[in-house]
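Below is one structure, written out as structure tokens; comments come after it.
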Amino acid sequence: MTNRSRSFRVPDKPSLDGIEAKWVDVWDESGVYHFDRAKSRDEIFSIDTPPPTVSGALHIGHAFSYTHTDTVARFQRMRGKSVFYPMGWDDNGLPTERRVQNYYGVRCDPSIPYDPDFSPPAKPDPKRQVSISRRNFIELCDRLTAEDEKVFENVWRRLGLSVDWRYTYATIDDTSRAAAQRAFLRNLARGEAYMSEAPTLWDVTFRTAVAQAELEDRERPSAFHKLAFHRADGGQVHIETTRPELLAACVALVAHPDDERYRDLVGQTVRTPLFGVEVPVKAHHLADPEKGSGIAMICTFGDTTDVTWWRELQLETRAIVGWDGRVVAEPPAAITSEEGRLAYGRLAGATVHTARERVVEMLRESGELIGDPTPITHPVKFYEKGDKPLEIVTTRQWYIRNGGRDTDIREALLSRGRELAWYPGHMRSRYEHWVEGLNGDWLISRQRFFGVPFPVWYPLDGEGNPDYEAPIVPYEAALPVDPSSEAPAGYTEDQRGRPGGFMGDPDIMDTWATSSLTPQIAGGWERDNDLFERVFPMDLRPQGQDIIRTWLFATVVRSHFEHGTVPWRSTGISGWILDPDRKKMSKSKGNVVTPLDLLERYSSDAVRYWAASGRLGTDTALDEGQMKVGRRLSIKILNASKFVLSVAGEDATDAPAAVTEPLDRAMLAALSEVVEDATAAFEAYDHTRALEHTERFFWEFCDDYLELVKARAYDGDATTGAGASARAALLIALSALQRLFAPFLPFVADEVWSWWNEGSVHAASWPDAAEFRAAAQDGDPAVLATTSDVLRAVRKAKSERKLSMRAEVERVVVRGKNVRNAQVAEGDLVAAGRAAELDFEITGDSELTVDVVLPASDA
RNA sequence: GGGCGGUUAGCUCAGUUGGUUAGAGCGCUACCUUGACACGGUAGAGGUCACAGGUUCGAAUCCUGUAUCGCCCACCA
């Protein structure tokens with residue numbers, strides 16, 4: 001209650017117009033959101049901000065979840081914490097590559113040399129993309145993402161995020177690349193990262209491997225084809241398949257060991273149709289007697305079950321689908337017959353789709369297709385960003401262990417998940433189910449261009465073949481490195497690709513391999529260890545529920561290996577934004593509303609109000625009605641503040657008057673309860689509850705308390721007495737309310753705060769319930785509640801008679817038990833209700849009843 | 001097939017460990033230009049808390065089952 005200026009600047013007509021531009025600049029200049037790194041760990045609240053993908057426009061969903069985090073940041077700051085609230089940009093990976101291709105009309109061809117004078121076509125032609133070198137391509141990626149980041153930052157500022165903009169990073173910048181490479185090299189040195197040649201889920205459009213976490217199922221039409229295999233005894237055995245085009249890749253048939261029908265056949269061989277290849281018949285428990293004919297063909301590789309069978313039954317490899325999704329030219333060696341090789345020749349070079357048609361045609365001709373194919377619909381695995389079904393191709397890839405193959409690592413990671421505090425709590429089960437369901441390690445290499453390269457070279461032997469078993473790695477001090485343009489220590493660039501020389505690893509890391517290190521990147525790991533020790537492990541990881549299996553899990557994995565700890569204490573999971581029809585918003589449906597438009601129409605605080613009314617983990621509909629409510633609330637705060645300051649402002653001295661009146665004390669007692677509740681709610685990451693309770697109190701404060709004390713506050717003695725009590729209470733409450741709203745409505749809160757205080761409300765201290773309890777003395781909230789009830793009854797009577805609220809009342813009679821016992825503020829009620837007379841009748845009834853006698857109407 | 005979450009007024013949602021007549025806002029209706037606020041205010045109508053059982057003096061709240069919606073996972077021949 002000190003340092004108040006008496007020269008108030010309360011505008012005549014307060015307004016929200018231009019409020020964002022004004023305060024964004026003020027905050028930027030004052031540095032009110034600056035992180036104070038001199039503070040010790042326990043005085044710091046650190047946030048592992050999600051770096052949004054910089055591949056176009058921000059989505060209203062971003063505004064939603066980032067607002068949640070911002071309310072927490074502001075609360076913690078007001079509680080006295082130094083808040084580490086950085087911002088990152090996720091700019092590597094496929095979304096950026098795709099955007100650059102379309103935006104500039106180019107495509108990357110790594111075989112083309114760098115052209116330092118290249119400039120992109122003036123008018124991009126999507127059908128004729130210009131081929132450019134990898135380095136030129138990456139330059140364009142850098143250029144475009146830099147522009148996008150500026151746009152993003154402006155929206156964030158306008159939304160009022162209290163980020164410290166001195167702490168930003170991009171997942172492709174030198175710092176991030178160095179961190180990603182360093183972490184990888186340490187994983188490699190400890191045996192947590194390894195290279196393996198294995199069947200890999202492969203996207204034929206992007207021509208890259210994809211990880212289990214990036215898969216999704218889509219329903220696709222298909223058909224069962226019944227094929228005749230030939231038994232040694234001249235008989236046939238029929239199998240059903242949805243992938244007849246893989247017949248040439250068939251390496252075995254498989255039936256369940258208990259299946260009587262095929263028991264004799266197991267251990268024998270059969271010949272494939274068309275190609276005449278002899279394949280064994282095997283037994284395996286995964287073969288389902290209920291499916292198809294109960295016996296299946298195993299191909300290398302039609303689906304992940306094939307991979308399991310191939311591995312567990314130790315079958316041959318007979319791959320026919322190449323990296324481009326087409327049937328490879330050379331037939332498998334096992335196809336020896338002339339007819340078989342001829343049939344294969346008709347498939348070589350064809351897409352999977354065409355190959356299927358041709359195989360079916362040939363099977364029809366040969367009579368080995370039994371009946372017509374039966375159409376079905378079944379789920380097929382897709383890369384979540386891809387358009388064609390995944391194939392399984394054997395390739396050499398880098399992996400990081402994640403418990404998918406080691407039970408001890410799995411247990412350790414499950415235990416890390418239990419160390420974390422989850423908000424809401426049930427989100428933990430998503431983490432646990434994902435970890436428990438892993439069926440392989442984390443594939444981190446991608447055959448793409450814009451990303452963090454693997455910091456690894458391979459020596460070439462005398463014939464120019466790489467020795468993958470003896471990778472050459474750089475010193476950490478040299479990071480980041482680009483092995484495709486830099487030579488390893490001890491070699492010169494002219495030895496690249498030569499026998500006895502070296503080759504760089506051509507791949508880049510999956511984007512999650514970098515973003516799984518955001519706490520380390522933002523926190524200055526191995527770059528600014530003083531900072532890192534002050535912020536890590538971080539307090540909060542806010543994020544979406546859809547990326548628990550990717551971002552959250554991967555971050556836990558990296559932190560577990562590198563630091564032996566969880567990366568944060570808590571994680572807050574935001575829900576989806578649904579459009580008003582309760583469907584998930586998506587760009588493809590064209591129902592995305594841009595945040596800027598809404599910020600302009602309703603004000604930033606109004607949009608934040610809508611966002612803050614959505615709880616963590618709960619899907620929330622985009623509701624412009626809520627934004628209207630937020631706008632109305634903001635305007636109400638302007639006007640109520642104006643009123644309080646104009647009526648009570650002159651009493652705002654260093655020595656405020658004592659609050660003596662029961663009604664005033666009652667209001668302050670109720671306020672202390674609200675403060676207590678809002679504080680507890682914020683501490684439990686329940687920002688919605690904090691807002692609801694503050695808001696409810698504020699409306700009652702305006703509707704009832706302000707009306708009741710208005711007359712008393714206007715009149716009364718200047719420095720003592722009932723009037724001074726009202727004015728002191730009004731100022732105390734106003735100060736508290738402005739601070740309670742500050743995390744939610746930062747613009748309007750600082751606006752009204754600035755009318756009568758020095759400094760920003762966002763640097764002010766969070767209200768302390770004890771302070772208000774002390775001011776309230778023995779105040780009983782029931783006095784305010786009861787008096788308000790009577791006032792409401794008076795209003796109701798006037799409203800029913802269709803009278804103005806100014807209408808005079810002849811007499812009000814309040815009946816009930818103990819009604820006189822200081823439960824009703826008599827004088828205030830008479831003034832606010834314009835009652836000539838107020839009487840009490842004590843009855844045995846615990847229920848309160850009110851009679852309002854109005855003048856007889858003229859009519 | 002397994003799991004997680006939801007189902008409360010026309011709409012969007014609260015309802016804190018079970019405790020009187022279930023709350024708010026929007027929308028709707030009526031009224032009021034009252035000296036903070038017409039970018040207002042006051043009041044009103046509107047709900048068998050998805051359904052069926054059960055526990056209990058008492059259930060929107062706890063238990064069982066069903067329906068339904070959303071999401072996730074699964075070895076999808």
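Naming convention: chains lettered A, B, ... in sequence-line order (proteins, then strands); numbering from 1 in each chain. All heavy atoms count here, side chains included; hydrogens, waters and symmetry mates do not.
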Compare side-chain N and O positions of A:Arg615 against OP1 and OP2 of B:rG15 and report whether any pair is under 4.0 Å apart. yes
Rounded to the nearest Å, what distance is computed from the CD1 atom of residue A:Ile637 to the P atom of nucleotide B:rC39? 18 Å
Indicate yes or no: at least one non-hydrogen side-chain atom of A:Leu854 is less than 4.5 angstrom from one of A:Val852. yes
Distance in angstrom units between A:Met805 CE and B:rA43 P, rounded: 7 Å
Is A:Lys710 close enough and on-axis enough to A:Tyr705, meaning under 6.0 Å and within 45°, for cation-pi? no
Here the distance between atom P of B:rG23 and atom CZ of A:Arg696, to the nearest Å, is 12 Å
Whole-Å gap separating P (B:rU42) and CG (A:Leu791): 10 Å
Would you say A:Lys636 places a side-chain N or O within less than 4.0 Å of OP1 or OP2 belonging to B:rG40? no
Take the protein atom CG of A:Leu633 and the nucleotide atom C1' of B:rG41, then report the distance between them rounded to whole Å. 16 Å
Checking all strands, does A:Lys802 fall into the base, sugar-phosphate, or nothing category for heavy-atom contacts under 4.0 angstrom? sugar-phosphate
Reckon A:Lys291 has a side-chain N or O less than 4.0 Å from the OP1 or OP2 of B:rC75? no
Remember a base hit wins even if backbone is also touched, and classify A:Lys226 as base, sugar-phosphate or nothing at under 4.0 Å, heavy atoms. nothing
Pair A:Asp623 + A:Lys628: basic N to acidic O under 4.0 Å: no
Counting only side-chain N and O atoms of A:His378, is one of them less than 4.0 Å from OP1 or OP2 of B:rA77? yes
When we call it a touch if two heavy atoms are under 4.0 Å apart, what does A:Ser429 touch: a base, just sugar-phosphate, or nothing? sugar-phosphate
Write down the distance between CG (A:Asp217) and C1' (B:rC75), rounded to a whole number of angstrom. 12 Å
For A:Ala681, report the nucleic acid contact type (base, sugar-phosphate, nothing); a contact means any heavy atom under 4.0 Å. nothing
Would you say A:Gln626 places a side-chain N or O within less than 4.0 Å of OP1 or OP2 belonging to B:rA14? no
Taking the C1' atom in each of B:rC4 and B:rG44, what is the distance between them to the nearest angstrom? 42 Å
Any ion pair linking A:Lys381 and A:Asp217 (charged N to carboxylate O, less than 4.0 Å)? yes
Which part of the nucleic acid, if any, lies within reach of A:Arg430 when heavy atoms closer than 4.0 Å are counted: base, sugar-phosphate only, or nothing? sugar-phosphate
Describe the nucleic acid contact of A:Cys702 in one word from base, sugar-phosphate, nothing, applying a heavy-atom distance below 4.0 Å. base
Tell me: CE of A:Met427 to C1' of B:rG3, nearest whole Å? 13 Å
Taking OP1 and OP2 of B:rC37, is either one under 4.0 Å from a side-chain nitrogen or oxygen of A:Arg632? no
For the P atoms, the ones on B:rG25 and on B:rA45, what distance do you get once it is rounded to whole angstrom? 14 Å
Take atom CD of A:Glu432 and atom C1' of B:rG2, then tell me their distance rounded to the nearest Å. 16 Å
Write down the distance separating the P atoms in B:rC51 and B:rU7, rounded off to the nearest Å. 13 Å
Please classify the nucleic acid contact of A:Lys628 as base, sugar-phosphate, or nothing, using heavy-atom distances under 4.0 Å. nothing
Do A:Arg834 and B:rU34 share a donor-acceptor pair, side chain to base, under 3.5 Å? no
Touch class at under 4.0 angstrom, heavy-atom based, for A:Asp703 against every strand present: sugar-phosphate
With a non-hydrogen cut-off below 4.0 angstrom, is A:Thr305 in contact with a base, only sugar-phosphate, or nothing? sugar-phosphate
Please determine if a side-chain N or O atom of A:Lys798 lies less than 4.0 Å away from the OP1 or OP2 oxygen of B:rA30. no
Taking the six-membered ring for Trp, are the ring centroids of A:Trp576 and A:Phe64 within less than 6.0 Å of each other? no
Should A:Arg218 and A:Glu216 count as an ion pair when the cut-off is N to O under 4.0 Å? yes
To the closest 0.5 Å, what do you measure between OG1 (A:Thr679) and NE2 (A:His693)? 12.0 Å
How is A:Glu219 classified with respect to the nucleic acid when contacts are heavy atoms under 4.0 Å: base, sugar-phosphate, or nothing? nothing
